[in-house]
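Some notes on the structure that comes next.
Residues take their numbers from the sequence shown, with the count starting at 1.
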Amino acid sequence: MLYLDNSATTKPYDEVLATYMKVSKDYFANPSSIHKLGSEAERLLSQSRQQVAGLLGVIPEEIIFTSGGTEGNNLAIKGAAFSNNHKGKHLITSAIEHASVLESFKQLEQVHNFNVTYLPVDQNGRVSPEDVKKALKKDTILVSIMHVHNEIGTIQPIEEIGQMIKQSSDALFHVDHVQGITKVPLDFNQAKIDICTISGHKFHSLNGTGVLFVRKGVELAPLFSGGAQELNVRSGTESLAGNVALAKALRLSTEKAGKQLKQVKETRDKLMVELSKIDGVEINTPRNHSAPHILNFSVPGLKAEVLIHFLGENNIYVSTTSACSSRDKKMSKALLAMGKHDGIAKSAIRVSLSLDDNEEIIEPFIKMLLKGKEKLTKVMR
């Protein structure tokens with residue numbers, strides 16, 4: 001089996017699963033309870049918060065545990081908008097953000113009367129820092145730009161954008177770091193990031209785990225009313241086992257990335273070369289300014305979902321757009337925004353590697369892709 005859909009989700013590490021089971025069994029008490037078992041659970045929760053903060057280069061008071069990327073993005077964007085709407089109602093994002101970001105902005109726009117500017121991208125899917133600067137207004141309260149694009153793998157100039165925002169305005173800067181975490185380094189302080197979203201199941205933790213970095217002094221309006229857990233921002237009984245598992249997965253993946261990320265990039269680059277040799281295949285991921293683990297390509301004339309099903313029947317697993325949108329069978333909005341024609345957008349395939357993948361995946365993948373292309377082209381004719 002070749003599992004090449006790691007940007008959708010990763011397989012949890014065995015050590016992470018073992019940690020989850022142990023904490024669930026031995027530390028099942030509510031961290032908010034004042035008895036001994038509750039205190040033990042609270043201490044373990046605090047240790048996990050400290051560990052995550054240390055790995056991210058921030059302080060524990062800036063770490064909020066969430067259920068993942070979608071909740072994190074909603075809390076970041078809506079929480080920032082609602083807590084700062086007395087300062088202004090103008091928001092900025094890009095046209096190619098993840099659905100959880102774009103839909104949050106649409107809701108703010110349509111239901112709560114905020115004014116949103118959707119920035120264009122160039123042919124490589126990159127936002128221009130100059131466009132961000134031009135879009136800033138006196139009443140701009142939030143800018144949200146993702147770090148690594150989930151479909152194409154394009155890396156945005158986050159540091160340049162963040163520093164420019166702080167030089168030109170008082171707007172908060174939110175970054176969706178879900179695809180970049182452990183794969184593409186990002187210094188939150190250097191990039192002047194105020195809020196940052198991370199999802200655990202992208203780096204071999206479990207589904208339903210995540211982190212939201214909120215810089216000290218930044219206020220977010222809570223989306224949930226309740227017991228004021230998670231630093232008064234995210235109410236609800238904490239998933240202690242999930243949070244401890246996330247902290248362990250982040251440590252293990254960070255350590256592994258230091259040793260194996262070069263191998264992943266070399267594999268991606270060689271796969272890109274082999275794909276470019278195939279007649280009728282178009283590479284959508286730019287060679288420069290792109291993440292080492294994501295490769296997007298199209299086979300115009302073949303529907304993406306048909307080719308994906310063929311590969312799946314032969315135990316090779318890839319995806320089309322983001323996993324959240326792939327079932328809709330819609331064209332890639334990101335590729336259209338990059339100026340690609342409909343045929344490219346309809347046939348886009350995403351290969352996303354794990355830190356364990358190496359060149360051994362290339363030959364079987366290319367062989368089966370060629371077989372599928374030939375067979376399906378004949379059927380289409």
Side-chain angles (χ1 to χ4, degrees), residues 7-9 52 56 58 62-85 91-112 114 116-119 127 132 141-152 154-156 158 161-162 165 171-181 183-184 186 188 191 193-203 205 207-215 218-224 230-231 233-236 239 242 246 291 321-326 333-334:
S7 285
T9 198
V52 170
L56 297 179
V58 299
E62 296 175 325
I63 296 298
I64 295 170
F65 288 112
T66 69
S67 64
T70 293
E71 184 194 346
N73 284 334
N74 273 262
L75 176 55
I77 294 164
K78 296 174 187 176
F82 293 150
S83 64
N84 291 280
N85 62 1
L91 315 169
I92 299 173
T93 190
S94 85
I96 63 167
E97 298 295 312
H98 187 269
S100 61
V101 169
L102 289 176
E103 292 303 317
S104 292
F105 278 106
K106 288 180 181 178
Q107 184 179 17
L108 289 171
E109 196 173 25
Q110 297 169 4
V111 179
H112 300 285
F114 283 85
V116 182
T117 297
Y118 298 92
L119 298 174
V127 174
V132 178
I141 57 174
L142 175 68
V143 179
S144 178
I145 305 292
M146 67 171 17
H147 182 211
V148 173
H149 195 268
N150 52 296
E151 294 179 41
I152 314 302
T154 298
I155 301 172
Q156 301 295 350
I158 293 299
I161 290 172
I165 291 171
L172 295 175
F173 185 32
H174 166 247
V175 174
D176 176 344
H177 189 36
V178 168
Q179 292 295 339
I181 184 68
K183 311 295 195 314
V184 183
L186 181 63
F188 295 1
I193 296 170
D194 296 299
I195 319 167
C196 189
T197 306
I198 294 169
S199 180
H201 73 106
K202 307 298 187 181
F203 51 86
S205 184
N207 292 328
T209 63
V211 164
L212 187 67
F213 160 75
V214 182
R215 187 172 297 284
V218 172
E219 293 187 5
L220 298 183
L223 300 186
F224 304 154
E230 286 306 296
L231 312 180
V233 175
R234 197 247 186 188
S235 293
S239 174
L246 179 145
T321 57
S322 69
C324 302
S325 306
S326 59
K333 294 179 181 178

Inter-residue atom distance S104.OG - H98.NE2, 0.5 Å rounding: 10.5 Å

H147 and H177 aromatic ring geometry - parallel, tilted or perpendicular at 30°/60° bounds: tilted

Nearest heavy atoms of I145 and Q156, plus distance in Å: CG2-CG, 4.0 Å

Side chain to side chain contact (heavy atoms under 4.5 Å, CB included) assessment of V211 paired with I181: CA-CA 11 Å; V211 164; I181 184 68; over 6 Å; no

Atom of V178, atom of G69 and distance for their closest heavy-atom approach: CG2-CA, 4.1 Å

Side chain E230, main chain T66, donor-acceptor under 3.5 Å: no

For G242 against S205, the heavy-atom pair lying closest together: O-OG, 4.5 Å

Approximate separation, where rounding is to 0.5 Å, of S83 OG and L172 CG: 7.0 Å

CA sep, side-chain torsions, deciding dist, call: I195, L220, side chain to side chain contact (heavy atoms under 4.5 Å, CB included): CA-CA 10 Å; I195 319 167; L220 298 183; 3.7 Å; yes

Polar side chain donor-acceptor pair, N150 to S7, under 3.5 angstrom: no

Donor-acceptor under 3.5 Å (H112 side chain, F114 main chain): no

Contact list for residues 66-80, test salt bridge (charged side-chain N to carboxylate O under 4.0 Å, His left out), sequence neighbours left out: E71-R234

Any V233 side-chain heavy atom under 4.5 Å of V214 side chain: no

Reported CD1-to-CD1 distance for the pair I198 and I64, which is rounded to 0.5 angstrom: 12.0 Å

Euclidean distance, L75 CG relative to H174 NE2, rounded to 0.5 Å: 9.0 Å

Flag side-chain contact, heavy atom, 4.5 Å: I141 against L91: yes

Electrostatic pair E103:K106 at N-O distance under 4.0 angstrom: yes

Aromatic plane relationship, F213 with F188 - under 30° parallel, 30 to 60° tilted, over 60° perpendicular: tilted

Validation row: L186, I193 side chains within 4.5 angstrom (heavy atoms): yes

Under 3.5 Å: donor-acceptor pair, side chain of D194, backbone of F173: yes

Within-4.5 Å side-chain heavy-atom neighbours: L108 and F82: yes

Heavy-atom closest pair, residues N74 and S100: ND2-O, 3.8 Å

Step-by-step side chain to side chain contact (heavy atoms under 4.5 Å, CB included) determination, Q179 to K202: CA-CA 7 Å; Q179 292 295 339; K202 307 298 187 181; 3.9 Å; yes

Derivation of the side chain to side chain donor-acceptor pair (under 3.5 Å) call for S94 and E97: CA-CA 6 Å; S94 85; E97 298 295 312; 2.6 Å; yes

Which residues share a salt bridge (charged side-chain N to carboxylate O under 4.0 Å, His left out) with E219, sequence neighbours left out: none

Distance-minimising heavy-atom pair for L246 and G200: CD1-CA, 3.8 Å

Criterion side chain to side chain contact (heavy atoms under 4.5 Å, CB included) on H149 and I96, from CA distance to verdict: CA-CA 8 Å; H149 195 268; I96 63 167; 3.5 Å; yes

Positive for side-chain hydrogen bond (donor to acceptor under 3.5 Å, both in side chains) with T197, one of T70, N73, D176: N73

I92 to F105 - nearest heavy-atom pair and separation: O-CZ, 4.1 Å

